[in-house]
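Reading through the structure tokens given below for one structure.
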Amino acid sequence: MLVDIHTHIQQHNPSEVPGMLHRAAQAGVSTIIAAGTTVDDSHKAIRLAETYPKIYAGVGIHPSDLEAPISPEDVAALDEMASHERVTVMSEIGIDHMPNSPDHRWQEEAFAAQIEIAKRHDLPVVYHVREHLDDLSRFDARASALSILAEHDVGQLGGAAHYFQGNYEYARKVLDLGLKISFAKPLLRSPELQDVARRVPLHNIVLETDAYPQPFKKNRAKWTEPKDVRLVAECLAEILGVSTETFHDRSL
């Protein structure tokens, strides 16, 4: 059975979750991680994991959701949630450089603080990084994230680069830190990502869908769901010349 290591299904209408789980089961997906993006959203992820045995939770504050420097209250809330028996990962945390993204110092401080929470609870870190490709001169999000990950020795915890869309040079740096590469549906359409996949050792690959609500897609049937992790597995299997079963039970 397949594992979707990163989703946001807690952000969907609760009435849709049973249907998504049914479709995921039909596609051979046995385990789904719902990653929080704020303190409140992390609580929602945990409640969903308490309700459905196939769902586990991640907790964290997404860099784009920071409205101020991370507070002692936020750190305490996340620290408490990280001890929950259904929490298996620290996520979604990281660095984001897009137009109107929060202050970079806030992001770096929050990222480091949340990694320290992960260390206290021995949780792998699934991290976010995104860059505004038209303006790399002001701030290099990938370099910032890698520096913080290295400084805090995240390799001892394990984890992955979420929704990987970089080149092999960046992938190699992630692997050198002791982390994995998480491929999602962009792999299906990107020759560059497919080339990266050929060069990453099999044991360093995990799969995900992200699976956040997509109301901009008018046809509900075309929204990405955990069931689609099978499409990623099938694409990888074809690229690498292995069976889809190679990616069964592939967790952090």
Side-chain angles (χ1 to χ4, degrees), residues 2-8 31-37 56-63 78 82 87-97 107-131 140-187 190 192-210 229 232-233 236 239-240 246-247 249-252:
L2 296 165
V3 176
D4 188 342
I5 69 134
H6 190 97
T7 76
H8 297 292
T31 304
I32 298 164
I33 297 177
T37 58
Y56 292 86
V59 297
I61 299 176
H62 191 289
L78 292 170
V87 171
T88 59
V89 65
M90 201 79 199
S91 190
E92 182 172 355
I93 67 176
I95 302 291
D96 192 281
H97 174 39
Q107 294 189 43
E108 291 172 340
E109 290 168 1
F111 192 25
Q114 292 178 96
I115 290 172
E116 287 302 305
I117 294 171
K119 290 169 74 172
R120 286 195 288 276
H121 298 277
D122 197 25
L123 294 175
V125 172
V126 174
Y127 78 94
H128 164 107
V129 66
R130 182 169 53 177
E131 293 185 334
D140 188 334
R142 290 178 181 169
S144 176
L146 290 170
S147 175
I148 293 168
L149 290 163
E151 179 183 351
H152 293 268
D153 195 17
V154 171
Q156 66 175 297
L157 300 172
H162 147 66
Y163 212 81
F164 188 87
Q165 295 193 75
N167 58 23
Y168 181 71
E169 180 182 4
Y170 171 48
R172 186 68 259 169
K173 293 176 180 178
V174 173
L175 297 174
D176 287 345
L177 288 174
L179 303 177
K180 297 181 179 182
I181 303 299
S182 182
F183 288 114
K185 287 177 71 177
L187 181 73
S190 170
E192 181 182 38
L193 281 181
Q194 292 168 11
D195 180 63
V196 172
R198 291 185 187 96
R199 302 170 70 182
V200 173
L202 270 172
H203 65 275
N204 286 322
I205 293 175
V206 289
L207 311 177
E208 66 166 285
T209 61
D210 210 16
V229 80
V232 186
L236 268 171
I239 291 168
L240 301 177
T246 301
F247 303 103
D249 300 317
R250 187 63 64 87
S251 62
L252 296 164

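Excluded from the calculations below are hydrogen atoms, water molecules and symmetry mates; all remaining heavy atoms, backbone and side chain alike, are included.
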#### Entry: Gap separating the CG atom of Leu149 from the CZ atom of Arg142, nearest 0.5 angstrom
13.5 Å

### Query
Given the rule in the side-chain contact (heavy atoms from CB on, under 4.5 Å) test, do Val200 and Leu175 qualify, once you have shown the distances and angles that lead to the verdict?
CA-CA 8 Å; Val200 173; Leu175 297 174; 4.2 Å; yes

### Check: Gln165 and Ser190 side chains under 4.5 Å, non-hydrogen atoms
no

### Task
Ignoring hydrogens and angles, tell me if any N or O in the side chain of Arg250 forms a donor-acceptor pair with the backbone of Ile205 under 3.5 Å.
yes

### Query
Can you check whether His152's main-chain N or O pairs, donor with acceptor, with Lys119's side chain at less than 3.5 Å?
yes

### Task
For the residue pair Phe247 and Leu240, establish whether any side-chain heavy-atom pair is separated by less than 4.5 Å.
yes

### Summary
Between Gly158 and Leu179, the two heavy atoms sitting closest are C-CD2, 3.6 Å

### Query
Can a donor-acceptor pair be found between the side chains of Thr37 and Glu92 at a distance below 3.5 Å?
no

### Query
CG/Leu146 to CD1/Ile95 distance, rounded to the nearest 0.5 angstrom?
10.5 Å

### Task
Find the distance between CD1 (Ile115) and OH (Tyr127) and round it off to the nearest 0.5 Å.
10.0 Å

### Message
Less than 4.5 Å apart, side chain to side chain, heavy atoms only: is that true for Asp122 and Leu157?
### Response
yes

## Note on the structure
Smallest heavy-atom separation, Ala160 atom then Val206 atom, equals CB-CG2, 4.0 Å

### Query
Can you name the nearest heavy-atom pair linking Tyr170 to Ala161, along with the distance?
OH-CB, 4.5 Å

### Message
Do His6 and Asp210 make a side-chain contact, defined as non-hydrogen atoms from C-beta onward lying under 4.5 Å apart?
### Response
yes

### Task
List the atom of Ile5, the atom of Ser182, and the distance in Å for their closest heavy-atom pair.
CD1-OG, 3.5 Å

### Query
What's the spacing between His62 NE2 and Gln114 CD if we round to 0.5 Å?
11.0 Å

### Query
Closest approach of Met90 and Leu123, non-hydrogen atoms and distance?
N-CB, 4.1 Å

### Query
Does atom CD of Gln156 have more than 12 heavy-atom neighbours from other groups under 6.0 Å away?
yes

### Task
Could you verify whether a donor N or O on one side chain and an acceptor N or O on the other, from Glu108 and Ser144, lie under 3.5 Å apart?
yes

### Task
For residues Leu177 and Lys173, determine if any side-chain heavy atom of one lies less than 4.5 Å from a side-chain heavy atom of the other.
no

### Query
Can you find a heavy atom in the side chain of Leu207 that is under 4.5 Å from one in the side chain of Leu236?
yes

### Task
Find the distance between CG (Leu252) and OG1 (Thr88) and round it off to the nearest 0.5 Å.
7.5 Å

### Query
Should the heavy atoms of other residues, nucleotides or ligands under 6.0 Å from OH of Tyr56 be counted, would the total exceed 12?
no

### Note, Leu187 side chain near Gln194 side chain (heavy atom, < 4.5 Å)
yes

### Message
Give me the atom names and distance for the closest heavy-atom approach of Glu208 to Asp4.
### Response
CA-OD1, 3.1 Å

### Task
State, yes or no, whether a side-chain contact exists between Asp195 and Glu192 at a heavy-atom distance under 4.5 Å.
no

### Message
Quick check for you: to the nearest 0.5 Å, what is the distance between Phe164 atom CZ and Ile181 atom CD1?
### Response
4.5 Å

